[in-house]
Each structure stands twice: as C-alpha cells, then as structure tokens.
Asks: 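I'd like to ask you about the structure that follows.
Just so we're clear, the structure is a prediction, and the values are computed from it rather than from any experiment.
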Amino acid sequence: MNMLQSRTWQVGSMIALIILISGCANREAQRVATPTQTQPDAAPAASTTASGGGRYAMHGDAYPVAPPDVSTVPDAVPRNEPRSAGGNRPTYEVWGEKYHVMPDASGYAKQGLASWYGEKFHGYATSNGEIYDMYKMSAAHRSLPLPTFARVTSLDSGQSVIVRVNDRGPFHSDREIDLSYAAAARLGILDNGTGRVKVEAIEPDRWLAERGGAPASTAPNADAPVAEPAPAASVPQAAPSVASNNPAEGEVSGGYYLQIAALGSADSARKLSQRLTDELPHSVRVMNEANVHRVQVGPVTPAQETQAREALRQAGFPQVFIVR
C-alpha cells in the first residue's frame with residue numbers, strides 16, 4: 001500500500017512539473033512576442049518595392065540606449081541637389097498599396113500627423129541609398145521627391161525644424177511624415193510618438209535669396225552616395241573638431257572611414273577610440289559636432305575595407321557604414 005501511494009505521489013509530481021514547465025514556456029513565448037515599445041512603426045528603408053517581410057514587418061521601434069543631446073543639432077541646410085537615383089520611381093507599391101512620387105515639390109504644404117523612427121533603422125540604407133542616421137535632421141515621406149528640404153512645424157508648440165527628406169514612409173494612412181529621432185526631439189514629440197505638424201517644401205534658391213545668400217550649389221550633397229552609401233541628412237559641416245590617433249591619416253588617397261558609433265559622451269568616445277586603436281590595424285578618429293561624438297575607423301581604401309569590416313566585427317561592431 002505504501003509503495004502504491006509513493007508511486008502515485010511520484011507520478012502526480014511529474015505531471016505537475018510538466019504543467020508548470022509548459023506554463024512558463026507559454027508565458028515566455030508571449031513575453032517575447034509582445035513588442036516592448038509603443039512607438040509607431042517606422043518607415044521602411046532601402047527597397048520601396050517590397051510587399052512585406054523583413055524590416056517592413058518589424059514592430060516596436062526603440063529609443064537609443066544612451067542618446068546624445070540632440071537639442072543643438074542644426075537644421076538641414078537647403079541647397080539644390082539632383083534627384084536621387086534611388087527611391088524616385090513614379091510609382092511604387094508597399095503592402096499592396098500603390099504610391100505616386102511627385103515630379104516636383106514646389107508649393108507642397110500639408111498638415112497631418114508626424115511620427116518618428118529610431119534605433120531599429122539606424123545605420124540601415126534609406127530609400128535613396130544613403131544611410132539613416134537618427135541623430136541628423138532627416139525624414140521620410142511617401143510622395144515628395146528625394147531629396148527634398150522641408151520645414152516641419154509643430155501645430156501644438158509652434159516649434160519648427162528643417163529636414164532633408166531622403167526616405168519613404170510612413171506607410172500609415174493617418175500620418176504625413178516620419179521624422180528622425182533628432183528632428184522629433186527638437187519638436188517635442190518623442191514621448192507621445194506622434195504630433196500634429198505642418199509640412200512645407202522649401203525651394204532652395206528662394207530660401208537662400210530671402211536670406212541674402214548666393215545661389216545654391218547644384219553639386220551633389222556631400223552626404224549623398226557616390227560609389228558607396230554615405231550618411232543620410234545634410235547638415236552644415238562647419239569645422240568639426242577631430243581627435244585622431246594618426247595626424248597623417250587624411251593623406252591616404254581615395255580613402256574613406258567606417259563609422260561604428262555616435263555617442264553623447266566625449267569620454268566614452270575617447271575610451272572606445274583608444275580601445276580600438278589597440279585592437280585594429282587602422283587608425284581611429286572621433287568627429288565632434290553638436291555634442292555628438294562619432295567614432296570612425298580609417299581611412300581605408302576599397303581594397304582594405306573587407307579586412308577592416310571583419311576586424312570590427314570581431315571587435316563587436318558588425319554594423320558599420322561608410323563616411324567620406
């Protein structure tokens with residue numbers, strides 16, 4: 001009898017344990033499947049022809065882990081630029097919906113909701129082939145030509161910013177524009193996720209003439225892609241300070257840099273630079289602009305890029321992008 005009771009107790013305990021483990025597994029699956037952020041879905045970058053999947057289907061955008069102070073990041077500076085080779089087809093389709101790209105942005109003005117996109121797209125290609133940098137003044141729009149300079153004004157606070165549109169989105173019918181993290185921060189809509197705005201396209205020549213400036217250059221933007229992608233938004237390049245471990249590094253002909261981080265702490269950027277200097281065969285520099293400290297490796301030549309990327313991957317930086 002005692003043996004029977006003991007066996008019954010053992011079987012019951014095993015069943016209870018199995019149920020407990022199963023319940024924990026189900027709760028864990030639910031936890032993982034639930035988005036951890038309430039941010040709206042951001043604009044998809046790169047291809048504007050995909051019908052779904054990949055980062056189009058990603059949910060729950062994220063705030064930067066340790067964001068720099070972007071309150072002093074300057075507006076994009078309007079200038080004449082040629083239309084981008086990518087992202088400007090007359091029509092494109094996303095999730096079964098067809099969109100039309102305007103032939104000209106002149107006179108465009110519209111009110112609507114602005115959202116923003118951040119960490120999950122940072123460092124990825126935009127629709128026109130540039131690299132999205134959430135700490136610059138850029139934006140995504142469904143129909144404006146790429147690039148377009150636009151003034152975005154908050155209808156709640158009256159604050160405004162100038163952004164350079166170089167991406168497609170947002171693909172939600174109730175939203176007008178997707179802003180970079182920096183632009184959204186300047187307008188004060190980070191916490192709410194969206195905000196009421198007015199979007200007005202800027203004509204560069206008129207904008208400069210009103211300010212007594214010379215006609216805008218028709219040369220390609222310094223941040224636009226040439227043979228390789230480059231950072232997204234256009235911002236003034238007024239003599240950023242440089243901390244470099246190799247004074248002669250700029251003398252490499254045809255060289256460019258691989259950016260691995262944009263940090264808000266100068267000390268953290270310096271320490272990262274020193275660490276990589278000890279680990280990598282290439283020089284490391286820190287570019288300081290508007291309280292954002294960008295750690296860049298180089299210069300490297302096209303022949304050295306694969307080796308440099310592999311070295312950075314082994315050092316814990318699998319995602320880098322080219323800066324010229």
Side-chain angles (χ1 to χ4, degrees), residues 33 35 37-62 81-134 136 138-150 152 163-181 183-184 193-195 197-201 220-221 223-225 228-234 319 321:
Q37 299 287 341
T38 58
Q39 280 304 117
D41 289 346
S47 172
T48 55
T49 60
S51 59
R55 288 189 303 121
Y56 280 84
M58 290 178 68
H59 296 287
D61 203 348
E81 296 185 47
R83 289 169 67 102
S84 302
N88 277 317
R89 291 196 299 176
T91 62
Y92 65 96
E93 187 174 311
V94 176
W95 292 327
E97 188 78 20
K98 184 172 289 187
Y99 299 92
H100 300 274
V101 175
M102 300 168 58
D104 186 2
S106 299
Y108 183 89
K110 191 173 181 180
Q111 295 184 8
L113 277 181
S115 49
W116 64 274
Y117 59 130
E119 185 70 30
K120 73 178 179 180
F121 292 99
H122 185 62
Y124 286 90
T126 63
S127 294
N128 73 344
E130 297 174 8
I131 298 298
Y132 175 56
D133 185 341
M134 63 181 170
K136 290 190 175 183
S138 64
H141 195 276
R142 289 186 293 269
S143 58
L144 287 172
L146 303 182
T148 291
F149 291 91
V152 183
V163 298
R164 181 172 175 267
V165 179
N166 68 341
D167 206 357
R168 290 293 172 220
F171 296 103
H172 296 262
S173 59
D174 64 335
R175 298 177 197 168
E176 167 67 13
I177 195 169
D178 254 345
L179 300 172
S180 66
Y181 173 88
T194 60
V197 299
K198 181 177 182 180
V199 177
E200 301 169 280
N221 183 274
D223 282 338
E228 296 283 351
S234 171
Q319 293 183 1
F321 58 87

Asks: Within the structure provided, determine whether Val165 and Pro147 are in side-chain contact (heavy-atom separation under 4.5 Å).
Replies: no

Asks: Quick one: closest heavy-atom pair of Ala105 and Leu144, and the distance?
Replies: CB-CD2, 3.9 Å

Asks: Considering only heavy atoms from C-beta outward, does the side chain of Val163 approach that of Ser138 to under 4.5 Å?
Replies: no

Asks: If you define the side chain from C-beta out and look only at heavy atoms, does anything of Arg83 sit under 4.5 Å from Leu146?
Replies: no

Asks: Could you tell me the separation between the CD1 atom of Ile177 and the CH2 atom of Trp116, rounded to the nearest 0.5 Å?
Replies: 15.5 Å

Asks: Just how far is it from atom NZ of Lys136 to atom CD1 of Ile131, taken to the nearest 0.5 Å?
Replies: 11.5 Å

Asks: Do you know which two heavy atoms are closest between Ala184 and Leu179, and how far apart they sit?
Replies: N-CB, 4.1 Å

Asks: How far apart are the C-alpha atoms of Glu81 and Arg164, what are their side-chain angles, what is the distance that settles it, and do they pass the salt bridge (charged side-chain N to carboxylate O under 4.0 Å, His left out) test?
Replies: CA-CA 11 Å; Glu81 296 185 47; Arg164 181 172 175 267; 2.9 Å; yes

Asks: Is the shortest side-chain heavy-atom distance between Tyr124 and Tyr132 below 4.5 Å?
Replies: no

Asks: Main chain of His172, side chain of Arg142: is a donor-acceptor contact present, judged purely on distance under 3.5 Å?
Replies: yes

Asks: Give a yes or no on whether the ring-centroid distance for Tyr117 and Tyr181 is below 6.0 angstrom.
Replies: no

Asks: Not counting sequence neighbours, which residues clear side chain to side chain donor-acceptor pair (under 3.5 Å) with Glu176? List them please.
Replies: Tyr108, His141

Asks: If you measure from CE on Met102 to OG on Ser143, what distance do you get to the nearest 0.5 Å?
Replies: 6.0 Å

Asks: To the nearest 0.5 Å, tell me how far Met134 CE sits from His122 NE2.
Replies: 4.5 Å

Asks: For a 4.5 angstrom cut-off between non-hydrogen side-chain atoms, does Asn88 reach Pro145?
Replies: yes

Asks: Please confirm whether the backbone N or O of Arg168 pairs with a side-chain atom of Ser127, one donor and one acceptor, at under 3.5 Å?
Replies: yes

Asks: What are the two closest non-hydrogen atoms of Val101 and Gly87, and how far apart are they?
Replies: CG2-O, 4.4 Å

Asks: Is there a donor-acceptor contact under 3.5 Å linking the side chains of Asn128 and Ser84?
Replies: yes

Asks: Before we go on, tell me: are the rings of Tyr92 and Tyr99 under 6.0 Å apart, centre to centre?
Replies: yes

Asks: Nearest 0.5 Å, please: how far is CG in Asp174 from CG in Leu113?
Replies: 6.0 Å

